[in-house]
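Just so it is clear, the values below take in all heavy atoms, side chains as well, and ignore hydrogens, waters and symmetry mates. Chain identifiers are assigned alphabetically (A, B, ...) following the order of the sequence lines, protein sequences preceding nucleic acid strands; residue numbering begins at 1 within each chain.
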Amino acid sequence: MLRFLFRRLLMLGPVLVGLTAIMFVIARLLPGDPVGLAAGPNATLAERAALAQEFGLDRPVWDQYLSYVAGLARGDLGRSLMTRRPVAEDIAIYLPATLELVLAAMALAIALGLPLGLLTALWQNRWPDRLGQVLAIGAISMPRFFLGLLLQLVFAIWLMWLPLGGQLPVVTLPPPRVTGLVTLDAALAGDWATLGAACRHLALPALALSLSPLAAILRMMRASAIEVMAQDYVTAARALGLPRRKILIKTIGRNAVSATLTVIGLYFGWLLGGTVLVETVFDWPGLGLYATRAILSQDMMPVIGVALVTGLIFVAVNLAVDLAYGLIDPRVRYE
Amino acid sequence: MTAGTRPPRPAARRPRALRRFGRNRLSLLGAGLVALVLALALFGPLLAPYPAHVAGGIDTAARFQPPSAAHPFGTNELGQDVLSLTLAGARASVLAGFSVVLIGGTTGILIGGIAGFLGGWIDEILMRLTDLMLIVPNLILAMTVAAVLGPGFQNMVLALALGWWPGYARLLRGEVLAARERPHVTAARAMGASQARVLVRHILPDCVSPVIVKMSLDMGFAILMVAGLGFIGIGVRPPVPEWGTMLATARAYMPDMWWVAMAPGLAIFVAVFGFNLLGDGLRDSLDPRGGR
Amino acid sequence: MPPLLEIRDLHLTMATRDGPVQVLNGVALRIARGEIWGLVGESGCGKTLTGLSVARLVPCPPAQYPAGEVRLDGEDLMALSEPRMRALRGRRIGMILQDPATSLNPTMRIGDQLADVALAAARHDPALLGPGPARTAARALAATMLDRVGIASARQRLSAWPHEFSGGMRQRVLIAMALIGAPDLLIADEPTSALDLPVQAQILALMQGMAADRGLGMILITHSMGVVARACSHVAVMYAGSIVETGPVVEVLDRPAHPYTRALMAAVPGRHTPRGTLSALPGTVPDLLAPPPAVASRPAAPGRPPPAAPPGPRCAPLARAMPSPAPMRTGPPMADPPLLELRGVSRLYRPRRSLLARSPEVVALDGVNLRIARGESLGIVGESGAGKSTLTRVILRLERPDAGQILYRGADVARFGPGALRAFRARVQIVFQDPQAALNPRMTAEEIVTEPMLVHRDTVGLDRRGRRARVAELIETVGLRPDHLRRFPHELSGGQRQRIGIARALAAGPELLLLDEPTSALDVSAQAQVLNLLIELQDRLGVGYLFISHDLAVVRYLCDRIALIRQGRLVEEGPAAQIFDAPRTAFARRLIDATPDLGVPLRSAGRTAGTD
Amino acid sequence: MTDPFRALNRRDLFLLAGAGVAGAALPGRLRAQAPRVLVIASGQDFPNLDPHTATGYAPAFFMRNVYDPLLRVSGNPPRPVPGLARSWDSSADGMTHEFHLDPAARFHSGAPVTAEDVVYSFARALRLAKGNSWMLRGILTPGGLEAVDPATVRMTLAAPFAAFLQVLPWFPVVEKAAVEAHLGEDDGQSWLMTQTAGSGPFALKQAQPGALYRFVRAPTAWQGGGGNLDGVIWRIAREGATERLLLQRGEINVALDLTSEDMDALEGAPGVVRVIQPEYRTFTIKMNTRRGPLADINMRRAISHALDYDALRDTAGYADLMVGPLPLGILGHDPDLAVPRHDPDAARAHLARTATPEGGISLKIVYSANLEQQRRYALVLLDSLRALNITLEIQPMRWPEMIAACASPDTLPDFFPVYQTANYGDPDNFAYAAYHSASNGNWQNPVFADPEVDRLIEAGRTETDIEARKAIYGDFQRKVVADAPDLFGVQERRKLGFRDAVQGHVFTPVAANAIECWPLSLV
């Protein structure tokens, strides 16, 4: 088990290098003029040249890449042309907001998706199941940004129940930064008013983001529960007179969840790289917005940094999923 | 289920899948919606009540008119008929989605097929690359490439296709590997059939169904991604109407001029919903292993 | 006093996409305590559904019981509410399902699963666990039961996971689970057919013993007459949703009354069945889920003795007389050089290498030496995982051996260039275990049989018309009609599919066929057909066989020589008769003892016949 | 110095937090009670806090509120008013200026602002040659700076520049001692990127890049007068629509990026005051006068007459049509200038004199992809060109690509839309950047070059007599219109939204969205 972990962590090195290489190649295809943009509209040629030199953009690409990878080893993700701040620092500021959003959305999706999936599997082909299937496909088909707009329209504008966007009310001070997740920090500080406000702000974007993973988890859980229900050990459990609840949770639920874990892992990574649209709609100060701004100004270091960090988290989550497999299913062995 | 490359087949195989598909009312609904969307993609501009607006014509005297008989979905910030733009917008969305799936799918199929069939170090290299591409966040990759290349239909398609193929490569490699182990393939190898014959005659036909299912499901997803890029502002060029771009523009006028957003938003939903239902139905009837 | 179990006129219909189908058709059965009933029949005859119906485990819908009673000690189970029924399961009715590999929850420890069953039973029968905390008592009971089904150091094994147990041990655990609630009736659905022969015998003995100790009534569902003969006191023969014959085992097996029973028995090769004397049942098993209308809609015919024969070709009295036994072949003399020779062939499997992982290698073949002469048939027998299939793959050079040589007519197969390899593959062909999987589902029978001729166009040398003619000839050779050629594999029955597989193997004109368990996926009658076909082909074409099987009786029926293989090693080899009559190794003896023999009358064999 | 990027000490901010807790308990409403914190919503983040390298309106806000310049501008039309300099003397030829510092002026550290600090700041800005330094490029050199005594600074110009005093607000003064203590290897740029060393009325207390910035009234605030604000919050809202809704709901006090549609929606909204004022910000569509069909002046004139100016104004909402190259109301602007207006007959007449009298050609316009309004203008042009049987290809571009496209006539598209904002309220600001050949290759004037126009611009920037300058710019305007290098478009009005609780705002048409908060009060 430890060896398995160690081996998987060793694999991170090549992943990092490969990921940055891909992004570097794309970044250097740039026909545009990021330096010109960063230098400002009134800069002279000499000023631009100085800026290019400052950021090493005048050197050959392979040289830039090598020094980037060397920096990577020290945890240095380069500097942003636009903000001129170290990318690692910027990401440290924006990442927690995105993580908070994704975690909340996934928590919602899992908490609802797993039991609903199990239930619809039990009601297989009866009307609640069919309705659930249609709704689930509908949820997957709903563009997240349109859903976000509709939620905003209804809950924030017409009903005025929930705030329009942002992470906290403007005048509320964020709680002392421990984890960077506002809700968690507020709870840690015992600041219940702020926690409440943070949750209210989190509600709509998390809902908008959670719908499609919720539907996917529901469908996967349903499918694997149906598959499990056809297994001999379920029939055996029934034939041996086990109570329904026990069969449902210990036998069907547990075995079906292990297949659903993969979907959860995949979706987590996918959401992490796909919060951009929801963040845009809800004005959520997260990584997606940071990346969008960087992309639009062709400021590649932040983009590479964001791709790297989300890629790493994706890998980490999938590692966690693999470990969770082992906890649920003893047949999985780590070799 | 496979394309009819072989002599006529009186057998019940295809009809059976068809019958199974036909029995599912939701699949039929999906097929109907897809047919509608495809029809719009082909004839949308012709059906538009204000074709001039589709070509970029404006009517600044009639800006922001609420829904009425003349403009069922109202008019936008330039006085253009929102219904006309939405109808015509199907073309860009569907065509882009289709191209993305086709290009990404073909690339992925080639890569995955080669990797799975040849195995060895080629497989190793191709699959490591695939794994790597799967880790890169799709949307960020697409946005970056689209931003680098600049807005425009082809650039958008290219940007999305670049992140699209790994899924197919994985799928096809898995299918090829599974098919390679199937006894009928071993039988073909044991009788001395050539590599090419084994691949074309025995392995690839086995992989067609899952690919078709994935493509159909991916169409919906691709349309969503296209709209997402448009929403961020990296989409087609004006005056070409496109749903995501329309929605992005319309968003600035919510909630007072809500109608500008409704038609394109619903259009995206309906199109994606249709393809998803269709893909789901196809999976049920073609590929009983997945889904129910 | 009512019998332990009485099934009266049980009917069952299933809603399918093509409308309701009647799958049980007036089943009637009476079982007393202490009786072990064998419920036999070919696949799809409804025996499993009968078993599940007793425990009311058939989901309704889609199932529906329009008529019938199932009485346990006089109480009609069909009338009970689901909660009351649940209270009976595990406590009054125990069940063992077919596949021990899949019948245990893989994500729970053995002890917890046993204890859960004990706790569930104790809810309705508090006396079961005795005083003290329920959980502790349940675990203690679980340990006792494990001990009783013969699992050593039971207490430690409680915390084991199912996957850590072998198949036989898992089946023991399942028996323990079925009996932990101290039921009166035990229903076992093919409890041994997924196990290797010697293990089968152990498990059957265990079940017999447990049933006798506790005075249980037991239903043993099986497709094997051998199992019935070995373990049961009574037998009920099912066909097409009805029971066609019942009675004590000794009577039914020695003097089968119903033609179907007779046919069924005649189709199974025994230890002494002479070569070429198996009689195959005519026609095919009716598929109850898509039956001919006549079968499905037939009115019920309850009671015992058996009703008149249900319709269907199989139940017609055997029109053909039993063919006279062909003379036992002694096999052609060993010619020099042999057609195929294996010298010290070894094959290791390394789990997929990754950068840092190193897993132990698995030995599939270990220094195997074999010789096959022209026209000879060599049987290879071994348990699952003994390396039998690897042997065929290595011979065909689908895999390369890690050590040793394979010589074809004295030439090293490993050194063949592309052309020689192709020629070799035209001369040595293979028939697979699962005919469904071995045929490309997207090709018609004609395309399938034609393919080798296309591949070996140069050696076969036939033009299009020539190939047509040859296909027609082949199809007739394997006993099919020309119209079968236009069909796809899924439109053929299992036996027909395997015939196509054989026709394909013959198409390029081979000298040697590698037959990898070609009959184990088939029903007994289809097996008989295929075996007879193989014998006929060998006699006519002089083609050699390397016949792989786990069933000694089948090999004995077909082969001149037999090689026993165990864990990749050749254990014993010799002429068939010699192996059977004078086995040299304990392994051979165990295999032979485990092989049922219907050829010998039961009474004279001194078999216990239960306690009827 | 405090580090605003670190988490705040809670006690330190307790005062400010009062409103926060109240706001959390009653979200959606601002509490009227003290402390009085003004909340401004804006779409822009502060990319960089160094006042000598940053550009854009968010940094301008920063310069105006956290730092002090020598002079400020105020009023409409804008006039220089005292900043750090309580008074100033200029020589008659406009080449020498002497500034007398306010003795009350204090940095946030408590140290007095001295002439040394002023000289150091200008020298640093010129040395770094980033940010706004271009305004004084070639006009002021480090040698021209002199601290006469601790309270007096003398500047001697290297070249005459009529608008000198107008640009001074964009050169904030930093505390020399503080910057020199953190010079590093880049003249203190890294340090000033996140730290402040100013003397302005507000001090940065906390920064959450991408979300919001908190300012508190500096304890050292020495400026006279002023409103009652205890603090200011700069809240980043990325969408105008969001800003409007926040303003409507009372969650913010000031919205800076509102569209005309927002303004319409806000009309009559309770508690909201709309400010819609002309501003020195022009929109023109430059034409490629050197290459392609538009090199032909007849084609340019034809298009100038074909353009549907009314539609242009309609889509712009609150806007005025430009009259010639200079913004309305600026010094020297001629409201009676004869400029082309929508006239299909004239357009066709001019087209008939071109190489393609029947049209049938295709032209190309690019626009900045994140400027929605430019897309609309492009569509208006497309619609207008149809009357000439000319098709228009519209290509959205990122700003860097647009800059790159300006490099030469060969890469410049036929049409190139440009917003130009006054950095200082003087016609030279527009004339030099947009029409002088020295600017060729820059986005404000990619290709247009005319020796006569150059001469007039140079005369205008060195002449100090107001009437003489008016005459010079009059000639300049007529000359430019005659050449038709641009489609003179619209001047969009500045659209600001205030809650009615905000008092004391005076509109100034220079960088009007970089609000000066010192005079404001919340009631």
Fill in: Side chain, backbone, both or neither of Leu454(C) within contact of chain B (heavy atoms, under 4.5 Å)
side chain
Discussion item. Please classify the contact between Arg504(C) and chain B as side chain, backbone, both or neither, with a heavy-atom cut-off of under 4.5 Å.
Written reply: side chain
Worksheet item: What do the steps show when you test His184(B) against Met443(C) for side chain to side chain contact (heavy atoms under 4.5 Å, CB included), and what is the final call?
Response: CA-CA 11 Å; His184(B) 75 81; Met443(C) 291 165 76; over 6 Å; no
Worksheet item: What part of Arg393(C) gets closer than 4.5 Å to chain B, counting heavy atoms only: side chain, backbone, both or neither?
Response: side chain
Worksheet item: Do you know the tightest heavy-atom contact between Ala190(B) and Leu396(C)?
Response: CB-CD1, 3.8 Å
Discussion item. In the structure I gave you, are the side-chain heavy atoms of Ser194(B) and Arg422(C) within less than 4.5 Å of one another anywhere?
Written reply: no
Under 3.5 Å, side-chain donor or acceptor atoms of residues 133-147 of chain B against the rest of the protein: list the pairs with distances, not counting sequence neighbours.
| residue | atom | partner | partner atom | Å |
| --- | --- | --- | --- | --- |
| Thr144(B) | OG1 | Ile140(B) | O | 2.6 |

Worksheet item: Is there a donor-acceptor pair closer than 3.5 Å between any side-chain N or O of His456(C) and the backbone N or O of Ala193(B)?
Response: no
Worksheet item: Got a salt bridge between Glu451(C) and Arg201(B), using NZ or NE/NH1/NH2 to carboxylate O under 4.0 Å?
Response: no
Practice prompt. Write down the atom of Ala438(C), the atom of Pro183(B), and the distance for their closest heavy-atom approach.
Written response: CA-CB, 3.7 Å
Discussion item. Under 4.5 Å from any heavy atom of chain C, what part of Arg189(B) do you find: side chain, backbone, both or neither?
Written reply: both
Worksheet item: Step by step, would you call Arg425(C) with Met191(B) a side chain to side chain contact (heavy atoms under 4.5 Å, CB included)?
Response: CA-CA 5 Å; Arg425(C) 284 179 174 169; Met191(B) 78 175 59; over 6 Å; no
Discussion item. Holding to ring pair (Phe, Tyr, Trp, His ring centres under 6.0 Å), I want the full list of residues that pass it with Phe221(B), two or more places apart in sequence or in another chain.
Written reply: Trp270(A), Trp164(B)
Discussion item. So for atom CZ, which belongs to Phe424(C), do other residues, nucleotides or ligands contribute more than 12 heavy atoms lying within a distance under 6.0 Å?
Written reply: yes
Discussion item. Please classify the contact between Ala508(C) and chain B as side chain, backbone, both or neither, with a heavy-atom cut-off of under 4.5 Å.
Written reply: neither
Discussion item. So which residue, Leu439(C), Leu514(C), Ile430(C), ends up with the most heavy-atom pairs under 4.5 Å with chain B?
Written reply: Leu439(C)
Worksheet entry | Verdict with reasoning, Asn440(C) to Arg182(B), per side chain to side chain contact (heavy atoms under 4.5 Å, CB included) | CA-CA 9 Å; Asn440(C) 190 336; Arg182(B) 259 170 228 149; over 6 Å; no
